[in-house]
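In what follows, a structure is listed as structure tokens, so that the remarks can point back to it.
Values in this document were obtained by computation on a predicted structure and should not be read as measured data. Numbered from 1 within each chain, the chains take letters A, B, ... in sequence-line order.
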2 protein chains.
Amino acid sequence: MSRKATIKDIAKIVGVTPATVSNVLNGNNRFSEDTKKRILAAAKQLNYTPNMFARALVKNRSYTIGLFIPASPRAFLDPYFSELLRGLTEIALEHGYVVSIIYADGLNETVRNRIDGLVLTEVKVKDEYVSFFQRANVPFVSLARGAENELEDYVVSDTRRGLEEAIKYLARLGHRRIGYALGPLAYEYVYERYSIFRDIQRKMGLICEATDVGTGENSRQGGRMAARRIMRAASEKPTAILASTDVMALGVIEYLQSIGMSVPEDVSVVGFDDAPFSRYVTPPIATVRHDIYQLGRHAASMLISKLEGRDYTKPIILPVKFIVRGSISSPR
Amino acid sequence: MSRKATIKDIAKIVGVTPATVSNVLNGNNRFSEDTKKRILAAAKQLNYTPNMFARALVKNRSYTIGLFIPASPRAFLDPYFSELLRGLTEIALEHGYVVSIIYADGLNETVRNRIDGLVLTEVKVKDEYVSFFQRANVPFVSLARGAENELEDYVVSDTRRGLEEAIKYLARLGHRRIGYALGPLAYEYVYERYSIFRDIQRKMGLICEATDVGTGENSRQGGRMAARRIMRAASEKPTAILASTDVMALGVIEYLQSIGMSVPEDVSVVGFDDAPFSRYVTPPIATVRHDIYQLGRHAASMLISKLEGRDYTKPIILPVKFIVRGSISSPR
DNA sequence: TTGTATGCGTTATCAT
DNA sequence: ATGATAACGCATACAA
């Protein structure tokens, strides 16, 4: 295979200078139709594609966006992650960008030099990475509001709306006392979901007992722990339990079943995320569905607009939907 | 924030030329200890990091490897994918590389110019992409043997070993007739698992009936279909069923239970992959575990060696392990 | 409408 | 042991 064609080659064929070729190829319109046509033809004939390194060098832009992953191995395991990446990649592609995975451990200058901007995920309530990127002037878009960091450029799901639908539904079924299986509060999405839950609970005049909240890791095991704490705390038990995530909801159901209670007859359970497995387990988990793939698409789109100095609406809040499934019913 | 430091800046401070700085920084040893020391000091002081674009331009290398994803949205959904990416990213990082996601749709020249090599996944038995990369001289490492493409640079799991363990275990329990829930044969891993299964079955003198094989998509639903076909075909039924993947095994179990059979008492079921859910479902699925994360690490390592002209052992075949769980027992 | 000149930051070759 | 210089491919300000 011969050497890749450059603008010089085109210039030679057409009989103009490289500068002219560059200009025409970049859509500069102040040239004669004739030369334009000939340059374009030659480019096609030589199968010309620009050398991105050269372009990057002179423009100081890499046309690469990074998906920033905090160092936890868990980040990768989430199905969330794959969906997100799909959305990001698709949009990036449409704009001539490529997406790289930036593992937190690897966030040295060398890596940073190679990306134009970042999409941040798994954001903490008080996130050191966010602060770092702000100080370092790295353009980024966050997938969380960035509670303590006061962000503007973010795209999130309409958590409040989803929880309102869910809780109202439960209330209509007759539930007055709703427990909560709570994940690690350091994560912003966990914090946000929980505080919104509390807010709605209060506004709707439902029973609010501190003992109805149990904490655990964001895992099946964590869900079991949380449920155990809830069910052992007070003598009066909640008739329904909301969980931070579907994964935890699964653990909650397992625990309840393990102590001989049935879901939803004894206790209704509601998750959040609509994870792939949620519809298959027994009973299927009622949950708040949000669209991670769309989240990814919007995040990429916003970031690229930002990088290219175009206007963009911000923040973006995407619709969610409460999915009714077999894990809820009226209380006994 | 001021301009980034370059070798010129260092040169100016130290009082040498950029060439010397470059040489020293690249470990060229033919310089006096004194100047070396001073250059290194200045570099640190200025917080110098090389400009990757400039380097890429002159070396014609991007220090980026791509994870190539065929166009199916499914590719992203697999938990497989996240694990793989984690392994890839970690090793890439150690060698100063970055990994980009290359979505098949986006595989135009522009994108191709930006990566030094690819890791190929979801390879088909007769894979057009593989042929394309071969012709186009794109360096790559495959996560499959590349049946029809005769590859050398690949890293895979020791499927034969795993299946041998599994089938011998079943045989020891007394199973003589083992069915197979088969996924889409176009995918090489499906094809390989199946043909090895057949081979072992024959060598061990077990019963081989064409009707004991049912096909379906690689999904829960597909597993149900496959199981249905198997159980409806012959009058004499297999006492155990192997599935192409854990996901299908799950479907198989569901189907069996739906027609009133119990697993493992009536039929034993064995999967492949050791997916995250496999240990949690009822009954937990016996399966062949392989380490996707390690697969990723080795693939990245092999690709980078290849790119840098170093020697490397090939192919690499990683150990697997048969995991005994509740979905198997002696036949009635 | 087109060309000239210059620079982006680095590496490599060949002198000195 | 160190330096001068060219080259990598492209973009751009300015000149013609």
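For the pair Y63(B) OH and dT10(C) P, the interatomic distance rounds to 13 Å; values are reported in whole Å. Atoms CG (L25(A)) and C1' (dG9(D)) sit 13 Å apart, rounded to a whole Å. Between the C1' atom of dG9(C) and the CZ atom of R61(A) lies a distance of 18 Å, rounded to the nearest Å. Counting to the nearest Å, the C1' atom of dT2(D) and the CD1 atom of I7(B) are 15 Å from each other. F53(A) places its CZ atom 16 Å from the C1' atom of dA7(D), with the value rounded to the nearest Å.
Across A144(A) and L151(A), no two heavy atoms sit closer than the pair O-CD1, 3.8 Å.
Residue R55(A) places at least one side-chain N or O under 4.0 Å from the OP1 or OP2 atom of dA11(D). Considering only side-chain N and O atoms, T35(A) lies under 4.0 angstrom from the phosphate OP1 or OP2 of dT2(C).
Around the OH atom of Y63(A), the shell of radius 6.0 Å holds more than 12 heavy atoms that belong to other residues, nucleotides or ligands. Counting heavy-atom neighbours within 6.0 Å of K314(A) NZ, excluding the residue itself, gives a total above 12.
Between F68(A) and F133(A), the distance separating the two ring centers is shorter than 6.0 angstrom.
Counted by atom type alone, D273(B) and Y189(B) present zero donor-acceptor pairs between their side chains at under 3.5 Å. No side-chain donor-acceptor contact under 3.5 Å links N149(B) and Y154(B). Counted by atom type alone, Y312(B) and D153(B) present one or more donor-acceptor pairs between their side chains at under 3.5 Å.
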Passes side-chain contact (heavy atoms from CB on, under 4.5 Å), I10(A) versus Y48(A)? Steps please.
-> CA-CA 8 Å; I10(A) 299 178; Y48(A) 169 81; 3.7 Å; yes

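Nucleic acid contact for N60(B): none, since no nucleic acid atom lies under 4.0 Å from a heavy atom of the residue. Nucleic acid contact class of S32(A) (heavy atoms, under 4.0 Å, all strands): sugar-phosphate only.
A salt bridge links R297(B) with E90(B): the closest approach of a Lys/Arg side-chain nitrogen to an acidic carboxylate oxygen falls below 4.0 angstrom.
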At under 4.0 Å between heavy atoms, which parts of nucleotides 3-8 of chain C does protein reach? Answer with one letter per nucleotide, 5' to 3': B base, S sugar-phosphate only, - none.
-> SB--BB

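For residues 38-48 of chain A, proximity to DNA chain D is found at Y48(A), defined as any non-hydrogen atom under 4.0 angstrom from a strand atom.
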